[in-house]
Amino acid sequence: RGRHRLGGAAMAAGFVRELERRAGPALRLEQRVAGGVGCVVWDAALVLAKFLETGACPLARRHVLELGAGTGAVGIMAATLGANVTVTDLEELQELLMVNIENNKHLVTGSVRAKVLKWGEDVTEFQPPPDYILMADCIYYEESLEPLLKTLKDLTGPDTCILCCYEQRTMGKNPEIERKYFELLQVDFELEKIPLDQHDEEYRSEDIHIVNIHRK
């Protein structure tokens with residue numbers, strides 16, 4: 001159960017993806033056909049966005065940063081729950097992020113803005129450390145692991161909570177990249193997997209994991 005709601009995100013590229021909310025109208029998220037991975041609402045983003053709605057992490061008036069935001073689904077959901085959110089991604093995704101922020105701004109009870117953040121580069125403008133860092137499906141390129149870890153170390157304070165949601169992939173180099181990522185992460189961070197029964201009851205899947213990460 002739960003798998004039927006997921007899947008098909010990538011098939012609907014170029015269309016508006018509606019993401020239902022527990023309270024009030026759905027989020028409407030535009031997707032793009034061109035421009036690679038960042039432009040559709042991936043299943044892990046749906047699972048993390050719906051997990052935020054469970055209320056397990058209080059978001060009202062909290063400072064939230066989303067890394068590799070893509071369409072902005074997760075960050076915009078956080079903003080509808082009262083968080084003050086900065087969604088970040090590369091320059092070429094800013095226009096799509098702006099469109100989705102604009103399309104959903106009437107649902108936002110906190111605030112949301114988009115900014116360019118390239119992993120591994122200076123993060124001074126994103127200080128002080130956020131209360132939460134949100135990441136959905138950010139681990140798939142080996143060459144981005146080191147820059148991503150540097151960014152996580154540079155951004156986090158002792159009280160920052162990182163929520164990392166990812167789909168476990170069994171193809172090609174994916175398992176190896178995943179293993180390396182968590183190995184490197186554990187040098188500086190404590191990891192705790194959030195049990196499946198705490199995920200949203202409809203938007204959950206055996207192969208999509210949410211990990212709660214803190215500085216050691």
- Message: Donor-acceptor pair, distance only, cut-off 3.5 Å: does the side chain of Glu20 make one with the backbone of Ala26?
- Response: no
- Look at the side-chain heavy atoms of Ile, Leu, Val, Met, Phe, Trp and Tyr, link any pair under 4.5 Å apart, and say whether Val87 and Leu59 land in one connected group. yes
- Message: Do Thr71 and Leu96 have side chains that approach each other closer than 4.5 Å (heavy atoms only, starting at C-beta)?
- Response: yes
- Message: For a 4.5 angstrom cut-off between non-hydrogen side-chain atoms, does Thr160 reach His214?
- Response: no
- Item | Nearest non-hydrogen partners of Val74 and Ala45, listed with the distance | CG2-O, 3.5 Å
- Task: Look at Glu142 together with Lys173 and state whether they make a salt bridge at an N to O cut-off of under 4.0 Å.
- Result: yes
- OH on Tyr166 to SG on Cys138, rounded to 0.5 Å: 13.0 Å
- Message: Looking at Lys115, I want to see if its NZ is surrounded by more than 12 non-hydrogen atoms of other residues, nucleotides or ligands under 6.0 Å.
- Response: yes
- Query: Hey, does Leu148 have a side-chain heavy atom less than 4.5 Å from the side chain of Met135?
  - Reply: yes
- Ring-ring centroid check Tyr181 Tyr141, cutoff 6.0 Å: no
- Task: Return yes if some donor-acceptor pair links the side-chain N/O of Asp207 with the main-chain N/O of Glu167 below 3.5 Å, else return no.
- Result: no
- side chain to side chain contact (heavy atoms under 4.5 Å, CB included) between Asn84 and His63, intermediate numbers included: CA-CA 5 Å; Asn84 296 316; His63 175 197; 5.5 Å; no
- Task: Give the cluster check for Leu184 versus Ile162: same hydrophobic cluster or not, with ILVMFWY residues linked at side-chain heavy-atom distances below 4.5 Å.
- Result: yes
- Counting distance only, does the side-chain N/O of Arg169 pair as donor-acceptor with the main-chain N or O of Met171 below 3.5 Å? no
- Stepwise, does the side chain to side chain contact (heavy atoms under 4.5 Å, CB included) test hold for Glu18 with Val41? CA-CA 10 Å; Glu18 290 214 335; Val41 183; over 6 Å; no
- Task: Applying side chain to side chain contact (heavy atoms under 4.5 Å, CB included), run through Lys180 and Leu145 and close with a yes or a no.
- Result: CA-CA 8 Å; Lys180 188 176 171 190; Leu145 292 185; 4.1 Å; yes
- Item | side chain to side chain contact (heavy atoms under 4.5 Å, CB included) between Thr54 and Arg22, intermediate numbers included | CA-CA 9 Å; Thr54 66; Arg22 295 181 176 203; 3.6 Å; yes
- Thr86 side chain to Arg113 backbone, donor-acceptor under 3.5 Å: no
- Any donor-acceptor N/O pair, Asn104 side chain to Asn100 backbone, under 3.5 Å: yes
- Note on the structure: To the nearest 0.5 Å, atom CD of Glu178 lies from atom CD of Gln168 at 5.0 Å
- Item | Distance, nearest 0.5 Å, that separates CG of Leu97 from OG1 of Thr88 | 8.5 Å
- Query: How far does SG of Cys164 sit from CG of Leu185, to the nearest 0.5 angstrom?
  - Reply: 7.5 Å
- Side-chain ion pair, Arg179 and Glu176, N-O less than 4.0 Å: no
- Query: What closest approach, in Å, do Val64 and Ala83 show between heavy atoms, and which atom pair accounts for it?
  - Reply: CG2-CB, 3.7 Å
- Consider only side-chain heavy atoms of I, L, V, M, F, W and Y, link residues closer than 4.5 Å, and tell whether Tyr132 and Phe126 are in one cluster. no
- Closest heavy-atom pair and its distance - Ala49, Ala73: CB-O, 4.4 Å
- In this structure, are over 12 heavy atoms from other groups packed under 6.0 Å from Lys216 atom NZ? yes
- Message: Keeping His199 on the side-chain end and Ile194 on the backbone end, is there a donor-acceptor pair under 3.5 Å?
- Response: yes
- Item | Sidechain-backbone polar pair: Thr151 side chain, Trp119 backbone, donor-acceptor under 3.5 Å | no
- Message: Please check: side-chain N/O of Asp89 versus main-chain N/O of Gly70, any donor-acceptor pairing under 3.5 Å?
- Response: yes
- Message: I'd like to know if Leu90 and Leu155 are part of one continuous hydrophobic network [Ile/Leu/Val/Met/Phe/Trp/Tyr, side-chain heavy atoms within less than 4.5 Å].
- Response: no
- Message: I need the Thr156 OG1 to Ile213 CD1 distance, nearest 0.5 Å.
- Response: 10.0 Å
- Message: To the closest 0.5 Å, what do you measure between CZ (Phe51) and CG (Leu163)?
- Response: 6.0 Å
- Message: Please find the pair of heavy atoms, one from Cys165 and one from Ala44, that lie closest to each other, and give the distance.
- Response: SG-O, 3.3 Å
- Task: Report yes or no: do Ile133 and Phe182 belong to one cluster of Ile/Leu/Val/Met/Phe/Trp/Tyr joined by side chain heavy-atom distances under 4.5 Å?
- Result: yes
- Message: Do the side chains of Lys153 and Asp188 get close enough for a salt bridge, i.e. N-O under 4.0 angstrom?
- Response: yes
- Query: Hey, are Arg204 and Asp200 close enough for a salt bridge, meaning a charged N less than 4.0 Å from a carboxylate O?
  - Reply: no
- Could Arg215 and Phe189 be counted as a cation-pi pair, given that NZ or CZ must be under 6.0 Å from the ring centre and within 45° of the axis? yes
